[in-house]
Amino acid sequence: MRAIICREYGPADMLTQGEMDSPAIGPDDIRIRVYGAAINFPDNLIIQGKYQAKPPMPFAPGFEIAGEVIETGTNVSTLHPGDHVMALTRDGYGGFAEEAAARAELAVPVPEGMDCITASGFYSSYGTSYYALVRRGRIQAKETLVVLGAAGGVGLASIEIAKALGATVIAVASSPHKLETARAHGADHLIDYGREDLKQRVLELTDGQGADLCMDTVGGEAFNSMSRCMRHDGRLLIVGFASGQIPQIPANLLLLKNFQVAGIFWWPAVQRNPAQHQASFRHLSELYRAGKLRPLIAQTYPLEKTPDALKMVLSRNLTGKLVITPTAEPRN
Ligand SMILES: NC(=O)c1ccc[n+]([C@@H]2O[C@H](COP(=O)([O-])OP(=O)(O)OC[C@H]3O[C@@H](n4cnc5c(N)ncnc54)[C@H](OP(=O)(O)O)[C@@H]3O)[C@@H](O)[C@H]2O)c1
């Protein structure tokens with residue numbers, strides 16, 4: 001099969017397209033013909049040897065995929081060849097390739113009416129946001145959610161899920177264009193944290209009460225500001241550190257303001273509770289079919305252009321997801 005191959009650690013330009021063996025599957029796995037493979041921030045870390053997991057060389061990077069099941073392991077009864085699924089790859093790499101292996105119980109059906117390019121960019125953004133907001137944040141209708149990095153993949157998904165569940169959303173981003181994108185995906189209020197005082201504006205927009213919930217994918221100074229404008233019983237959800245700065249949690253503020261901080265790491269939670277994960281995606285599929293979720297794919301790239309996509313994701317200009325298309329999805 002064709003794949004994008006990493007032979008030694010380095011920047012995206014050192015990746016080459018070549019031939020690799022299709023991955024062998026075990027009894028609990030499925031083999032997928034990959035129609036879409038989304039780009040994620042850790043892809044750039046893995047190819048440079050800067051990620052916790054260090055795959056054996058040579059390897060194909062990429063881990064978030066959607067496509068058609070073409071083979072099932074002997075223990076797999078829930079999926080069949082021909083099914084369209086979205087998944088993370090079994091090994092955490094191997095997605096920028098024509099075929100990839102995934103664990104069957106963690107793969108979910110592509111919602112009716114969604115193509116596999118969209119599905120590959122849907123799985124972890126919406127999965128992470130749903131897990132954070134619903135399972136951990138216990139979001140309620142009429143609560144106010146602040147979304148940092150609101151025009152990113154997780155940010156836009158969080159806006160849409162929160163709106164679908166009846167919450168009010170304050171979107172926070174670094175440019176007018178990004179804020180307009182957040183508004184188009186349902187945000188009620190907008191804050192440009194490059195130009196405005198984040199804490200002050202959140203307090204203004206909540207009648208001085210503060211936010212019930214915050215999705216923090218950014219960290220750094222934005223976290224420091226949000227930890228000073230959370231409401232009594234608020235939940236500040238730590239999802240990522242896109243700013244590159246890991247903040248310190250001020251324990252005195254947690255006490256004085258009676259709010260909670262929760263760490264969110266989606267994939268280990270999925271592996272611990274596959275049944276809950278499948279239930280979450282049944283609900284997400286319903287919301288998608290009801291027209292309440294509109295995942296944004298910014299651009300697609302053929303397999304050989306993967307290095308360009310990996311470089312693009314490092315720029316801070318992106319809204320939505322970038323997707324590699326190793327194999328063209330047949331049209332019905
Ligand atoms: N914990 C989990 O399970 C989990 C799951 C998925 C993703 N994540 C993490 O969550 C974060 C967001 O993921 P995503 O897919 O939404 O990423 P994304 O699409 O790249 O969006 C990240 C956002 O972060 C903001 N940002 C702030 N400072 C930045 C900087 N110095 N460089 C680049 N962006 C910066 C940007 O918005 P502004 O320009 O508006 O500030 C950008 O839109 C990532 O760190 C990712 O690793 C965690």
Side-chain angles (χ1 to χ4, degrees), residues 37-46 50-53 62-64 86 88 92 106 120-137 146-161 170-183 185 187 190-196 198 201 214-226 236-247 261-273 277 280 295-299 309-323:
I39 301 272
N40 286 284
F41 186 73
D43 293 324
N44 273 301
L45 299 180
I46 292 171
K50 294 180 180 171
Y51 199 63
Q52 303 92 292
F63 56 83
E64 185 179 12
M86 44 192 167
L88 295 198
L106 308 183
S120 73
F122 183 83
Y123 188 61
S124 80
S125 302
Y126 287 76
T128 300
S129 300
Y130 191 94
Y131 172 67
L133 293 173
V134 177
R135 306 290 182 198
R136 303 294 304 287
V146 172
V147 181
L148 305 180
V154 173
L156 291 174
S158 296
I159 294 171
E160 292 183 347
I161 292 169
I170 302 173
V172 182
S174 66
S175 73
H177 169 66
K178 287 186 175 187
L179 288 168
E180 276 317 310
T181 305
R183 190 198 295 282
H185 284 257
L190 310 176
I191 302 177
D192 184 334
Y193 57 177
R195 296 161 204 231
E196 299 177 274
L198 177 56
R201 289 284 290 126
C214 173
M215 271 297 277
D216 182 5
T217 54
V218 172
E221 273 311 307
F223 173 91
N224 293 338
S225 298
M226 284 310 306
L236 204 173
L237 308 171
I238 300 187
V239 183
F241 310 107
S243 66
Q245 293 166 0
I246 299 175
V261 175
I264 305 296
F265 196 5
W266 173 62
W267 194 240
V270 169
Q271 291 170 307
R272 287 171 77 95
N273 195 343
H277 166 64
S280 298
L296 177 63
I297 304 302
Q299 204 175 331
L310 286 165
K311 286 185 282 183
M312 179 66 185
V313 87
L314 289 176
S315 78
R316 203 173 162 176
N317 297 327
L318 205 58
T319 53
K321 300 288 291 184
L322 302 180
V323 175

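The chain is numbered in sequence order, starting from 1. Every number for a ligand or one of its atoms is a count from 1 in the order of the listing.
Summary of contacts: the protein heavy atom closest to atom 35 (C) of ligand 1 is Arg316 NE, 3.6 Å. Shortest contact from atom 21 (O) of ligand 1 to any protein heavy atom: Gly152 CA, 3.4 Å. For atom 8 (N) of ligand 1, the nearest non-hydrogen atom of the protein is Val239 O, 3.8 Å. Of all protein heavy atoms, the one lying nearest to atom 6 (C) of ligand 1 is Thr128 OG1, 3.7 Å.
Less than 4.0 angstrom separates some heavy atom of Gly149 from each of these atoms of ligand 1: 37 (O). Atoms of ligand 1 found under 4.0 Å from any heavy atom of Ala173 (numbered from 1 in listed order, with element): 40 (O). The Ser174 neighbourhood of ligand 1 comprises atoms 38 (P), 39 (O), 40 (O), 41 (O), with distances under 4.0 Å to a heavy atom of that residue. Per-residue contacts place Ile264 under 4.0 angstrom from the following atoms of ligand 1 (heavy atoms of the residue considered): 1 (N), 2 (C), 3 (O). Distances below 4.0 Å separate heavy atoms of Lys178 from the following atoms of ligand 1: 36 (C), 37 (O), 38 (P), 39 (O), 40 (O), 43 (O). Ligand-side atoms of ligand 1 in range of Phe265: 1 (N), 3 (O), range being under 4.0 angstrom from any heavy atom.
The two atoms that bring Ile161 and Ser129 nearest to each other are CD1-CB, 3.8 Å, heavy atoms only. Leu106 and His277 get closest at one heavy-atom pair: O-NE2, 3.0 Å. What you find for Ala171 and Ile159 is that their closest heavy atoms are CB-CD1, 4.2 Å. Considering all non-hydrogen atoms of both residues, Ser243 and Gly219 come closest at OG-C, 3.7 Å. Considering all non-hydrogen atoms of both residues, Met226 and Cys214 come closest at CG-SG, 3.7 Å. Closest approach of Gly220 and Pro247 over heavy atoms only: N-CD, 3.8 Å.
Checking Thr217, Leu45, Thr181, Leu148 against atom 10 (O) of ligand 1, the nearest heavy atom belongs to Thr217. For atom 31 (N) of ligand 1, the candidate residues are Ala242, Gly244, Gly194, Gly219; the nearest heavy-atom contact is made by Ala242. Scanning Phe41, Phe241, Trp266 for the heavy atom closest to atom 3 (O) of ligand 1 points to Trp266.
Between Leu318 atom CG and Gln299 atom CD the span is 9.0 Å, to the nearest 0.5 Å.
In this structure, atom 33 (C) of ligand 1 has a protein heavy-atom contact shorter than 4.0 Å. For atom 44 (C) of ligand 1, the protein comes within 4.0 Å by no heavy atom at all.
Under 3.5 Å, the side chains of Lys321 and Asn40 contain a donor-acceptor pair of N or O atoms. No side-chain N or O of Ser120 forms a donor-acceptor pair with one of Glu64 less than 3.5 Å apart. Residues Glu221 and Tyr193 bring no donor and acceptor atom of their side chains to less than 3.5 Å of each other.
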Margin query: Evaluate Trp266 against Tyr126 for ring pair (Phe, Tyr, Trp, His ring centres under 6.0 Å), listing each step before the verdict.
Written below: CA-CA 10 Å; Trp266 173 62; Tyr126 287 76; over 10 Å; no
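Within the 4.0 Å heavy-atom criterion, the part of Tyr193 lying near ligand 1 is the side chain and not the backbone. At a heavy-atom cutoff of 4.0 Å, ligand 1 is contacted by both the backbone and the side chain of Val154.
Among the atoms of Gly153, some N or O lies under 3.5 angstrom from an N or O of ligand 1.
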